Asks: 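Sharing a structure below in structure tokens format, with a few things to ask.
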Amino acid sequence: MENEAGALSRVAGLFSARGYNIESLSVAPTEDPTLSRMTLVTIGSDEVVEQVTKQLNKLIEVVKIIDLNDGNHIERELMLVKVRAVGPDREEIKRLAEIFRGSIIDVTDKSYTIELTGTSSKLDAFLEAIERSAVLETVRTGASGIGRGEWILKV
Amino acid sequence: MSVELTGAEITIRCLQEEGVQCIFGYPGGAVLFIYDELFKQDKVRHILVRHEQAAIHAADGYARSSNKVGVALVTSGPGVTNAVTGIATAYMDSIPMVIISGQVPTSAIGLDAFQEVDTVGITRPCVKHNFLVKDITELALTIKKAFYIASTGRPGPVLVDIPKDISQQKTKFVYPDKISMRSYNPVTKGHSRQIKKAAELILSAKRPMVYAGGGVILSDAAPQLTELTQLLNFPCTNTLMGLGGYPATDKQSLGMLGMHGTYEANMAMQYCDVLIAIGARFDDRVIGNPKHFFNENRKIIHIDIDPSSISKRVKVDVPIVGDVLDVLKELIKLLKAEKEKPDQTALKEWWKQIELWRERDCLKFDRSSKIIKPQMVIEKLFNVTKGDAFITSDVGQHQMWAAQFYKFDKPRRWINSGGLGTMGFGMPAAMGVQLANPKGKVACITGEASIQMCIQELSTCKQYKLPLKIINLNNRYMGMVRQWQEFFHGNRYAESYMNALPDFVKLAESYGHVGMKIEKPEDVEDALKEAFKLKDQLVFMDFITDQTENVFPMVPGGKGLSEMILV
């Protein structure tokens, strides 16, 4: 979409006005600074997703839409999670972070902040693997997606 | 080196470049510089309304009756919020309009300044697009884009919000000839393979039906719709928004369909085997319950410029995205070249069935009544004006009777708020129609409830000598509300009675117009004739009509098209 003020609110407004769900939404400017790329995750029947696509296409600032489910795609989400890490838990959490290929990016004597990237379900799995009461804070970006191989979204 | 112009000058120059002759508006603090520039020129005429809602409705009526882009100018804050009803009305009916609004200076935006509202935010869900101009060098291009977006693709209102300081700043004025936007490229031509498929389906039809909506009017395709329908000898029904797209007095017309559509139109919709939907969107007031409407033996062709209108409420078999005019031309060419014809015996049988439905005479009413029947007033109006008037309406029973009983043979003659259903639309819209068609006969069919929602415009009509004929069907009730309360709420008429009505004759006279009160059926025709003889004057005709009259047929909410309540 055009990298213009208000474009994001048009998308968000459309979803609330028409009663569609936004599971997650991530957006940032691209290598062409006049364009932003948004990955939006929604859940609905084929008919609903078709309507969502058509309605989004009507927004003047939306340049192009692809449904990543139409082909093979890769999807990644970034999560920062702050966990309580004291005593024997410190080692356990560190090991768990390694298993999930996360990295500890901030340390205090009481906590770790772990950076984790992956599909949304992998991030969910990590949160399930550590004790719930240990989680102090999480922040997630929502999924970003891209087509596999030669499948390119180009304007 | 060309001279630099202020934002206000540029705004007016842009309107001139677009060929805008007439705009509707109301001044205020944030648009003072723009009004100052309007004052200094005489190419763009400004019509001063009495309330911003009316400015938008008037620009809307102007656009609908002329196929030009309607333009309105309002100030910030309450100027804009008053305009919102009008903008939403135009949006629902896809009317090309450009609304220019003033905004507080850029330095004051976000500081809760006097008369500040988030105009772009408030109007976002009811415009095709909107802009806040924050840089004077983008002003001309933005206005160009606004006109382009409003008038192409599926038309709609576009708003340009101009902060006061932008209207003061100066820059070089260049108005672009052409415009292209990478994110906005509306299709016009339909896919030829799809059109071919449609032609094949049409040729295979045994019980065909043409269902044409407002898209036919908007794309100026009435002649092509008529040609196609007559080429094939198919029955045709029009939606509320599509009236006039096919001549209503022609025998192939089944009249309007939908909640208050004719028996024959609704039955034919339900039982046809090939449905050709043209510039229509299967909305809830048209097909009733979509589950009931579903018929696996019926194939549907759907022509529409807006892909999101296709398969939204009803799944279709042959979708064609394109401008109705282009697609119909192409379709007619294909069908004319074809040697084959649809099964004529089957078509004859189908027409026989339709005639049986027609014999049900679903629009009958008591013609010998001693009280004025509203339907009779419309019939007489049709006769007196020889079917050649521009008719605007408000919303309610009178609107349905107007749609049922005034036989529109031409497009752009029937101007009403179909989608949003805005009471108060009729008179201001009629002002716009009259200004776009100075020689045309313009009548506003209304009721005593609706007319009071924009009654202040009688003053505007006086100022600009707009000789409207106001047909007030006065039944002392919000008739449609009363009808629903009678049918579905145990005759409990909660707040639907209109008490303490003004003396409309005196009211009209106090504004300097002519008022008439008509109480007897035998006086109706003479009164109408007399009113239309007063060519230069607005005549407010207060018809005292039957309080208990209901609109029939009626498809109750949630029911199917063939489950009508009949007289």
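We name chains A, B, ... by the order of the sequence lines, and we start the count at 1 in each one. Values in this document were obtained by computation on a predicted structure and should not be read as measured data. Scope of the values below: all heavy atoms of this structure, side chains included, with no hydrogens, waters or symmetry mates.
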Asks: Look up atom CD in A:Gln51 and atom OG in B:Ser309, then write down how far apart they are to the nearest 0.5 Å.
Replies: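 Between atom CD of A:Gln51 and atom OG of B:Ser309 there are 8.0 Å.
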Asks: Tell me, with the steps shown, if B:Met181 and A:Ile60 meet side-chain contact (heavy atoms from CB on, under 4.5 Å).
Replies: CA-CA 9 Å; B:Met181 296 167 67; A:Ile60 304 294; 3.6 Å; yes
Asks: Near A:Asp70 CG, under 6.0 Å, is it more than 12 heavy atoms from other residues, nucleotides or ligands?
Replies: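 Buried by this count: over 12 neighbours within 6.0 Å.
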Asks: Does the side chain of A:Thr34 come under 3.5 Å of the side chain of B:Arg182 through a donor N or O and an acceptor N or O?
Replies: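 Judged by distance alone, the side chains do pair up.
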Asks: Side chain, backbone, both or neither: which part of A:Glu61 has a heavy atom under 4.5 Å from chain B?
Replies: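 Both backbone and side chain.
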Asks: Taking atom CZ of B:Arg193 as the centre, report whether more than 12 heavy atoms of other residues, nucleotides or ligands fall under 6.0 Å from it.
Replies: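 No, because the 6.0 Å sphere around CZ of B:Arg193 holds 12 heavy atoms or fewer from other groups.
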Asks: Based on non-hydrogen pairs under 4.5 Å, which of B:Asn185, B:Val120, B:Asp306 is most in contact with chain A?
Replies: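 Greatest number of close heavy-atom pairs with chain A: B:Asp306.
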Asks: Could you check whether any side-chain heavy atom of B:Lys128 comes within less than 4.5 Å of a side-chain heavy atom of A:Lys58, counting everything from C-beta outward?
Replies: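 Side chain of B:Lys128 against side chain of A:Lys58, heavy atoms only: no contact under 4.5 Å found.
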Asks: Examine distances only and state if a side-chain atom of A:Lys54 and a backbone atom of B:Ile310 form a donor-acceptor pair shorter than 3.5 Å.
Replies: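 Yes; at least one donor-acceptor contact below 3.5 Å.
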Asks: Of the listed residues (A:Glu4, A:Met1, A:Arg10, A:Glu2), which shares the most heavy-atom pairs with chain B below a 4.5 Å separation?
Replies: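 Of A:Glu4, A:Met1, A:Arg10, A:Glu2, A:Arg10 has the most heavy-atom pairs under 4.5 Å with chain B.
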Asks: Just wondering, more than 12 heavy atoms not from A:Lys122 lying within 6.0 Å of its NZ?
Replies: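 Result for NZ/A:Lys122: enclosed.
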Asks: Thinking salt bridges, do B:Lys312 and A:Glu47 make one under a 4.0 Å N-O criterion?
Replies: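 Looking at A:Glu47 together with B:Lys312, the answer is no, because their closest N to O distance does not fall below 4.0 Å.
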